[in-house]
Amino acid sequence: MKRLFAFLALTSFLTFNSCASKSAIVSKTSSVNNNSEILPGADQLAIYLPMLKGKKVGIMGNQTSVVGRSKEHLVDLLFREKVDLKFAFAPEHGFRGDVERGEKFGNDVDSKTGLPLYTLYGGNQKQDSIINTIDVMIFDLQDVGARFYTYITSLHRVMELCAKHNKKLIVLDRPNPNGDQVDGPVRHDDKFKSDVSWHKIAMIHGLTIGELAKMVNGEKWLENGKRCDVTVVPVKGYDHKMMYELPVIPSPSLPNALSVRLYLSLCLFEGTDISVGRGTDWPFQIIGYTNPVYGSFTFTPGDRHGMTKHVEGKGAVNYGLDLRNIIPSQHKFTLKYLLDFYNKTPDKSTFFARPAFFDKLAGTDQLRLQILAGKSEDEIRASWAKDLDAYKLMRKKYLIYPDFE
């Protein structure tokens, strides 16, 4: 793995200049919110710096761990404030966010500071000895509000480590760009537990990282019912009705506000061979397959930054739908794209190319079986309504911010 901390050579976060057109999320709906009124936890240094002084500190972060309008990386800020930073953990996609989905990566050392960098994606055999080198752990990642987005699995692993070794955890909270909705099946059976379905929550969970940390503790989901000593630094000026423009892309395949919004509906295609636009300039904004039956819009996936190894339909003409004109704020989770492509598939027995993985994404096998049985979206939604209502009641106990309903 390349040196993950090369970006620390500059005071501002310039690593993503190599993909400048994708370095910031620009919403088509900027009138819906004003990011200047929102202050993420990381921006509130006066609150958490006193908790770090005189302590040995670790951090779980990545390219989204930025502070202020200058997008200074949190690690730069901590070093400048003379915080005794000992190591950094990285989630899926690596510390710089340029590792492809599902790809494993190794440990590294920052050539400038000598700061050790460790992967925690999929676990780490040395994680116990690593965590015991510090007194306080910081968690600062930008989630996007879906159970299958693995940054919340990383949160759980950090909480487990901190609880096991009696370490303080400070969660620097950030808004959920899809926090205005709760939807989809709730996972119950541990048979479907995986990195993409770790918690017994709705598929579209409607929580911030800080709220989920409270839920993990409150529902006693850590091993042996332990509790993690967590302090959440809340976001100022945020509520769940707001649209939020992410200052930095959360992962290679989510380059703008529309991709973040459509991700909720399109990620289930990863259990099929249908392309969601990886290997193009519009991932999670176009969908298609190498058969004209799926639509008149065409595209040919190739290689793009962070999208080379796992690119469906690579090098071939794909036929499907162009969703780039959708207004993000007007779109919420739906099964209509998945059902449309299933219904158009000539040989439906081949549609779920990776059924076990699809079930993990969904958190159940019932969704796949319902689609195979020809159920409509309304019928499918009715089947999870009771579970969803129960989850919403549980969720209310842990909300930090005013809700959308």
Side-chain angles (χ1 to χ4, degrees), residues 22 25 27-28 92-93 100-102 143-151 176-178 180-185 196-197 202-206 246 249-291 294-295 297-301 304 306-307 310-314 318-345 351-355 357-363 367-368 370-371 377 380-381:
K22 301 179 181 180
I25 290 187
S27 174
K28 298 179 181 179
E92 185 180 13
H93 304 296
E100 288 201 43
R101 58 169 172 144
D143 185 46
V144 299
R147 188 181 57 215
F148 38 64
Y149 202 65
T150 61
Y151 292 174
N176 177 350
N178 290 306
D180 63 327
Q181 55 191 301
V182 173
D183 213 335
V196 295
S197 193
M203 194 167 70
I204 314 305
H205 56 69
L246 305 189
I249 65 172
S251 50
S253 296
L254 298 179
N256 57 33
L258 181 56
S259 64
V260 169
R261 203 70 173 165
L262 286 169
Y263 174 74
L264 307 184
S265 303
L266 303 187
C267 186
L268 288 169
F269 278 112
E270 292 185 359
T272 75
D273 285 334
I274 304 297
S275 169
V276 293
R278 282 194 175 91
T280 75
D281 293 330
W282 313 286
F284 286 100
Q285 299 155 81
I286 56 178
I287 46 178
Y289 189 64
T290 57
N291 188 329
Y294 293 104
F297 173 70
T298 62
F299 60 94
T300 304
R304 294 293 190 277
M307 295 177 283
H310 304 289
V311 176
E312 291 83 1
K314 187 175 182 179
N318 284 248
Y319 303 82
L321 299 177
D322 181 0
L323 307 179
R324 290 174 293 173
N325 290 322
I326 289 175
I327 298 174
S329 66
Q330 296 179 5
H331 189 279
K332 290 188 176 181
F333 170 75
T334 177
L335 293 172
K336 68 179 181 181
Y337 306 118
L338 186 68
L339 293 175
D340 176 52
F341 270 65
Y342 173 77
N343 289 330
K344 289 177 179 176
T345 300
F351 183 76
F352 293 103
R354 291 172 291 282
F357 186 63
F358 182 92
D359 294 348
K360 289 176 180 178
L361 290 167
L367 176 57
R368 178 175 53 84
Q370 288 167 332
I371 293 172
E377 180 160 3
I380 293 171
R381 284 182 173 280

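The first residue in the sequence is number 1, and the count goes up from there.
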Mind checking the [atom1]-[atom2] spacing from [X] to [Y]? Nearest 0.5 Å is all I need.
| X | Y | atom1 | atom2 | result |
| --- | --- | --- | --- | --- |
| Ile380 | Ile371 | CD1 | CD1 | 5.0 Å |
| Ile287 | Ser275 | CD1 | OG | 9.0 Å |
| Asp322 | Ile286 | CG | CD1 | 7.0 Å |
| Asp359 | Leu367 | CG | CG | 8.5 Å |
| Ser259 | Leu323 | OG | CG | 11.5 Å |
| Arg324 | Leu262 | CZ | CG | 12.0 Å |

Test side chain to side chain contact (heavy atoms under 4.5 Å, CB included) on Thr300 and Lys314; report intermediate values, then the result. CA-CA 7 Å; Thr300 304; Lys314 187 175 182 179; over 6 Å; no
Check: [X] side chain, [Y] main-chain N or O, donor-acceptor pair, under 3.5 Å:
| X | Y | result |
| --- | --- | --- |
| Asn178 | Ala146 | no |
| Asn343 | Leu339 | yes |
| Tyr151 | Pro250 | yes |

What do you reckon, are the aromatic ring centroids of Tyr263 and Phe148 less than 6.0 Å apart?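 For Tyr263 and Phe148, the ring centres are under 6.0 Å apart.
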Do Tyr289 and Tyr319 have their ring centres less than 6.0 Å from each other?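 For Tyr289 and Tyr319, the ring centres are not under 6.0 Å apart.
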Using 30° and 60° as the class boundaries, would you call the ring planes of His331 and Tyr337 parallel, tilted or perpendicular?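 Answer is parallel, since the angle falls under 30°.
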Do [X] and [Y] have side chains that get closer than 4.5 Å, going by heavy atoms?
| X | Y | answer |
| --- | --- | --- |
| Leu266 | Gln285 | no |
| Ser251 | Tyr149 | yes |
| Ile274 | Phe351 | yes |
| Ser265 | Lys336 | no |
| Leu321 | Phe341 | yes |
| Leu268 | Leu335 | yes |

Do Trp282 and Val276 pass the side chain to side chain contact (heavy atoms under 4.5 Å, CB included) test, and can you show the C-alpha distance, the side-chain angles, and the key distance before you say yes or no? CA-CA 9 Å; Trp282 313 286; Val276 293; over 6 Å; no
Pick from Arg147, Gln181, Met203, Lys332: which one makes a side chain to side chain contact (heavy atoms under 4.5 Å, CB included) with Leu264?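 Output: one option passes, namely Gln181.
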Testing the 3.5 Å rule here: is there a donor-acceptor pair between the side chains of Asp143 and His205?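 Yes, His205 and Asp143 have a side-chain donor paired with an acceptor closer than 3.5 Å.
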Regarding Glu312 and Asn318, is there a side-chain donor-to-acceptor distance under 3.5 Å anywhere?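 Judged by distance alone, the side chains do not pair up.
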For a side chain to side chain contact (heavy atoms under 4.5 Å, CB included) check, start with the C-alpha distance between Tyr294 and Asp340, then their side-chain angles and the critical distance, and finish with the verdict. CA-CA 9 Å; Tyr294 293 104; Asp340 176 52; over 6 Å; no
Steps toward side chain to side chain contact (heavy atoms under 4.5 Å, CB included) verdict (Arg261, Ser329): CA-CA 8 Å; Arg261 203 70 173 165; Ser329 66; 5.6 Å; no
Lys360/Glu270 salt bridge by N-O under 4.0 Å criterion: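 No, this pair does not count.
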Between the side chains of Asp281 and Arg304, is the shortest nitrogen-to-carboxylate-oxygen separation below 4.0 Å, so that they form an ion pair?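 Yes, this pair counts.
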